[in-house]
Structures are given as structure tokens and as C-alpha cells.
Amino acid sequence: MSEQARIIGRGTWLDKVANEIIEREKRLGRDTSLIRVESGLGASGIPHIGSVGDAIRSYGVRLALESAGYKSELIAYSDDFDGLRKVPAGLPEWLKDYIAHPVCMIPDPFGCHSSYADHMSSLLKEALDRLGIEYIFKSGAEAYRSGTLNRQIVEILSHADKIGRKIKEMVGQEKYESTLPYTPLCKSCGRIYTTKAKSFDKEKRTVSYICEGTELGKDFLNGCGYSGEARIEEGLGKLMWKVEFAARWAALDIRFEAYGKELTDSVRINDWVCENILGFPPPYHVRYELFQDKSGRKLSKSSGNLVTPQEWLEYASPESLRLLMFKRIVGARNISIDDIPVYMDEFDELEDYYFSNSRDPNPMKDAKLRGLYEYSMLLKVPERKRLHVPYRLLAELASFAPEGKEVDFVAKRLSSYGIARELDEELKKRIEWASKWAKRGIKEQMPDIQINEQTRKAIIEFANFLPSCKYPEEIQSKAFEVLRANGLAPTDFFPVVYKILLGVNRGPRLGPYIYDMGVERARERLLRAAESQTNN
RNA sequence: GGGCCCGUGGCUCAGCCAGGCAGAGCGGCUGGCUCUUAACCAGCAUGUCGUGGGUUCAAAUCCCACCGGGCCCGCCA
């Protein structure tokens, strides 16, 4: 119990993992002058929040290793030589002609990058850059081309029978008892996966193959019938997934890699291959749950619940996303863009804690909270607390701010509430995030309003008076003047006005609001609404 | 067939990985401020922490079994 009470590093799971890696490396007696960690970058589809999550977490482990006094670096390895398995939802139909072609050899459907893979991994790299994640980029295709994996490929192919039997034993898959775990790029049709590797010539370092087709999903994909030989040195072929990680780990000297739970079996086999065929103790692993939407379903483009890092960073700070990933590794997380305010405020709370004088009575929790903050800031802690304004307040204010004037409008409000006196860059960014969030996906539609004759008269009268108003209070007074003159109660009048201007039946004090949005514009909106009712 | 996750106030969830008085936001309700309207202020929650066992001085948290919901693997990558 006393040894359990020891605080490791900064008290987070990142420190615990780093510590376990270090202990293990010492036990193995390996050189620890550089502890390299890896994260895979998928290149077969639009990157979602989980793809960057893997990299963010790996980078966190890197920081924790360095924090413990060990040099470390993160390799971001792009699977750009994988074949396209299906056309992702939302991408052009013509891509189906490229099924089973390596994604690095498919044209970019968006037309802005040199290939499909380049486009996808650029999105990922851009997100990582914005998140302050440092990494060394490696392209899988380039690794094959340059011979990085040659030694491992030869070892694996030389022991293919042994590996095939082991795979059968471990997961029951029989395929590799009769096929080499290597898929050459067909010299005739340019596809991988459709080729079946028949035999390996260790002397010539070639694989002979026939392009005979393969099952992909539910369909069978016909081969082109070509048969030929692939030389390992040319890099025109790749290892199958059940053994590819192992080759990478050994070739790049990887000591840690996290993985999502769907890869469990694959990692088990790769670990075995790494250890027993390549003689390299496999990296230390942590397994994490996949990110799901609020109803517990998998995030996917076709379900329309995809959360991309780009989207997140449009509405929220990089540190909020880093916090989400660092907070814990265990358990599943249901995430949704709707919850952005929660994550933003959570970060502010953590920052408040960090800079406050009160301490959690449990030293471990205290350490963890402080550590979590430091890691979320990538260990670059500011001098003092930044200004915190509840995200929902910003969003609320921005939601009825006149279009294009959100920042000024919200800043003015905050100032009048005494929350924030001046508008600095930090606050400006926050307002922009909250404002985009609040206004996301709203369709410009005239709300369905019932206006009775009395109210319509009052609204028209009020609207026509607006252009002559010079002060907010003038507008406010006029509103009451008009509604009384027409024998209306405030509840007959205001909700309708708000509904027309904002789409909801409540809102900010009317005078200043109309003043801010512009009297001409308000007049036009009110008249249009009042008149459209006449026609019904 | 194998593995995993989730189940906490009306709703959405945090807390669980390193046990220490059951929490937050939203919604709702009451009152204040306001020329009724956003914001703001004060107040309001008798919660089987899915169920049943176990460990412990102490369990939402750790262990076992079960129930309900969901996911992954068992093609391929």
C-alpha cells in the first residue's frame, strides 16, 4: 500500500506508461539513449478524431518519457501503400475504378494534392501541426521503395510456413498456411491484394505471383490473370497487416505503440512475429477504446456523425482536444460536436485549479490534475491564468449577434457585464470559436410565425419608425410606445419581434440589439415578415 | 465462438485506471433585477450510482456472477 502511494512523474496515465516502458527497457537491457514511439496515420479516408487521438496520445507518452529524463521521438507512419478497399461515403464514384490500387497511386479526388493518400495524410498532418504535435513523418510507400524493411521482409518470407501455422493457431485464420503474407503490386493492372504470392526465392529475393483476385468485403474482386515476379528491392509490394507492424517495429526500433481495440488480434500476431521471427522484443502497448457518438455508435462518414479534427479546431482550442485525449486512456468516450462547450469549460476549470491556491487533499489527485494541465499545455505553462469566459455564454451571445459583427457585438456585451474589459487576441479567438459553433448548421429559413392583425400593425409601425432612430434607448422606448398605442401587452409584441429577428421568442434587450444589427436591416426583416403574413 | 465498453438526479454526462461526505451542465420550478424578455443574482434535487454477492475501517470506484444496451474481432486491411 505504501508503494501504491508513490506518485509517478506528473501523476497521469502518460507517466505510468512512460515508467513502464522505461522499466521494461531496462529489464531487456536495451539501449535507452533514444526511446522511439510510433503512431500510424491512416491514409485511406478522411481522418477523424480518433486518428489524431492516437498521435496525440503517443506524443503525450513521448513528453512523459522526456519528462522522466529520456530522449524520445514520435514517428508518424503513413499507411499510404495500402490499397483502397471501398469508396468512402461522400467521395466521387469514379474512385471505384481504383479499388485495390495503392492509395498513393490514386489521383486526389479533391485535385489539390499529388495523390489520394497525400491528400488524406496532409489533412492529418495539418491537424497535428495545429495541435502542436511534433513528429517525424514516414511514408509506408517510401519505406518499401527505399528498402527500409528489406531485411525484415526477407526474414518473414523465409519463415512464412511457420508464421502461417502460428496465425492459424492464434486466430484460426488459415489463409497464410497457403499464401505468403506479402502482396505484390500487379505489374499489369496496378493493384495489390488481387495478387496471390506463390513462392519466395531467397537467393534472387523475388516473389512470384498470379493476379487471381481476392475477396474484398462481400464481393469478389477479379484479378487480371497476370503472373510475374516482384523483386523485394523494387518496393513494389507490401507485407500483409498481420506481419507488417512487426517489420516496421523492428526496422525502426519502435519501443511503444498504442492501438485501437479493433486491432487486438493483429497486434498479438505482430508481437509474436516481431519477437520470434525478427528477434526484436515488440514495443510496449496500450490499447484504447474507439471513439463513439452519443448513442454509442461508431463514428463514420456514412452515419453522418463523423467528427474530424478540422471541425473540432474550428470550434474549440487545441488544448481542449489534447485534454480530451490525455484525460484518460481507459474506457470509451462518446463524443459529439454538441459537447464542445463542456470540453472547453473543462479545460478552463483545470486551468483555474492549476493557478489557484487550493489543493485537493489527495496528493495523487492533486498531482494528476496539475500534470494533466501541464501535458495539455504541452509542458509550456503560461505565466498566469488566461481570461475565462463560459463558452456557452459566448455561444449564446454570438447566436443572436448580427451576422459578421459577432466579435465586436459579443465583446461589447462582455464589457458591459463587466466580464471582460478589453478584447485581446485570446478572447477574440474564443468568440470566433463559440460563434461558429453557435451558428453551425443553421438554415436560413423564415420561422413559422403566427401574427395577428393588431400585432402586425404594431410591427409595421415600429419598423417604419426605425430609420429615424439615433440611439438604442429611443428604439426601446418606441417599442413600448407602439405596443401600448395598439392595445397590446409586451408579451403579444416582443416574442413575435424576437422570432422574426432571431428565430426564437426571447432575446436581448431589444433597443440596443436593433441598434447593433443596424436599423435598416431590422426594418427590412420586420416588414418582410409582416407582409408575408398578409398573403396567407 | 472470442474480447471490450456503457448503465450515476427529468435530460446529457463527469467522477472509477492510484477507494475517503455522491457532483456538474442543461432543463424545470420559486424569488430578485429589468420599461417582463438575453445576461446576471438568490434559492429549490428523500439519486436503490443496473442487480446480487465479495474484499475493506471505508466501495459509484477494486474482485466475482448476473441483467439490460452497444461495439469490435471471428472476411480483409
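The chains referred to below are lettered A, B, ... by the order of the sequence lines, with proteins before strands, and numbering in each begins at 1.
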Taking the nucleotide of RNA chain B with the closest heavy atom to each, which residue, A:Trp241 or A:Val171, is nearer the 5' end?
-> A:Val171
Please figure out whether A:Thr214 or A:Gly11 has its closest RNA chain B nucleotide nearer the 5' end.
->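 That would be A:Gly11.
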Do any side-chain nitrogens or oxygens of A:Arg328 fall under 4.0 Å of OP1 or OP2 in B:G15?
->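 For A:Arg328, the contact criterion (side-chain N or O under 4.0 Å from OP1 or OP2 of B:G15) is met.
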Side-chain N or O of A:Lys327 less than 4.0 angstrom from OP1 or OP2 on B:G15?
->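 Yes, within the criterion.
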Any side-chain heavy atom of A:Tyr193 sitting closer than 4.5 Å to one from A:Leu221?
->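 A:Tyr193 does not reach A:Leu221 side chain to side chain.
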A:His48 side chain vs A:Ile46 backbone, donor-acceptor pair below 3.5 Å = no
Short question: side chain of A:Glu432, backbone of A:Val407 - any donor-acceptor pair under 3.5 Å?
-> no
If you take atom types as modelled and just measure distance, does the side chain of A:Lys261 reach the base of B:C71 with a donor-acceptor pair under 3.5 Å?
-> yes
For the side chain of [X], starting at C-beta, report the closest nucleotide among [options].
| X | options | result |
| --- | --- | --- |
| A:Lys365 | B:C4, B:C75, B:G20 | B:G20 |
| A:Glu289 | B:C76, B:G3, B:C5 | B:C5 |
| A:Glu215 | B:C75, B:A18, B:C4 | B:C75 |
| A:Asp265 | B:C73, B:C4, B:U36 | B:C73 |
| A:Glu262 | B:U36, B:C73, B:C4 | B:C73 |
| A:Gln173 | B:C4, B:C76, B:C35 | B:C76 |

Report yes or no: do A:Arg287 and A:Thr264 form a side-chain donor-acceptor pair below 3.5 Å?
->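 Yes - a donor-acceptor pair under 3.5 Å links their side chains.
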Tell me the interatomic distance from [X], atom [atom1], to [N], atom [atom2], rounded to whole angstroms.
| X | N | atom1 | atom2 | value |
| --- | --- | --- | --- | --- |
| A:Leu221 | B:C76 | CG | P | 15 Å |
| A:Leu324 | B:G15 | CG | C1' | 16 Å |
| A:Asp366 | B:G20 | CG | C1' | 16 Å |
| A:Ile475 | B:C35 | CD1 | P | 17 Å |
| A:Asp345 | B:A14 | CG | C1' | 13 Å |

Check ion pair A:Lys238-A:Asp79 (N to O, under 4.0 angstrom) |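 A:Asp79 and A:Lys238: not salt-bridged.
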Between A:Asp265 and A:Lys242, does at least one N-O distance fall below 4.0 Å, as a salt bridge requires?
->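 Not counted as a salt bridge, because no side-chain N and carboxylate O are separated by less than 4.0 Å.
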Canonical and wobble pairing (Watson-Crick, G-U, under 3.5 Å) of RNA chain B, dot-bracket with | = (((((((..((((......[..)))).(((((.......))))).....(((((..]....))))))))))))....
May I ask you to check if A:Lys478 and A:Phe465 form a cation-pi contact, with NZ or CZ under 6.0 angstrom from the six-membered ring centre and within 45° of the axis?
-> yes
Test A:Phe245 against every option in A:Asp271, A:Leu263, A:Leu239, A:Ile254 by the side-chain contact (heavy atoms from CB on, under 4.5 Å) rule and name the one that passes.
->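 The single option meeting the side-chain contact (heavy atoms from CB on, under 4.5 Å) with A:Phe245 is A:Leu263.
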When all nucleic acid strands are considered with a 4.0 Å heavy-atom cut-off, which category describes A:Lys478: base, sugar-phosphate, or nothing?
-> nothing
Across the strands shown, which category fits A:Ser477 at heavy-atom distances under 4.0 angstrom: base, sugar-phosphate, nothing?
-> base
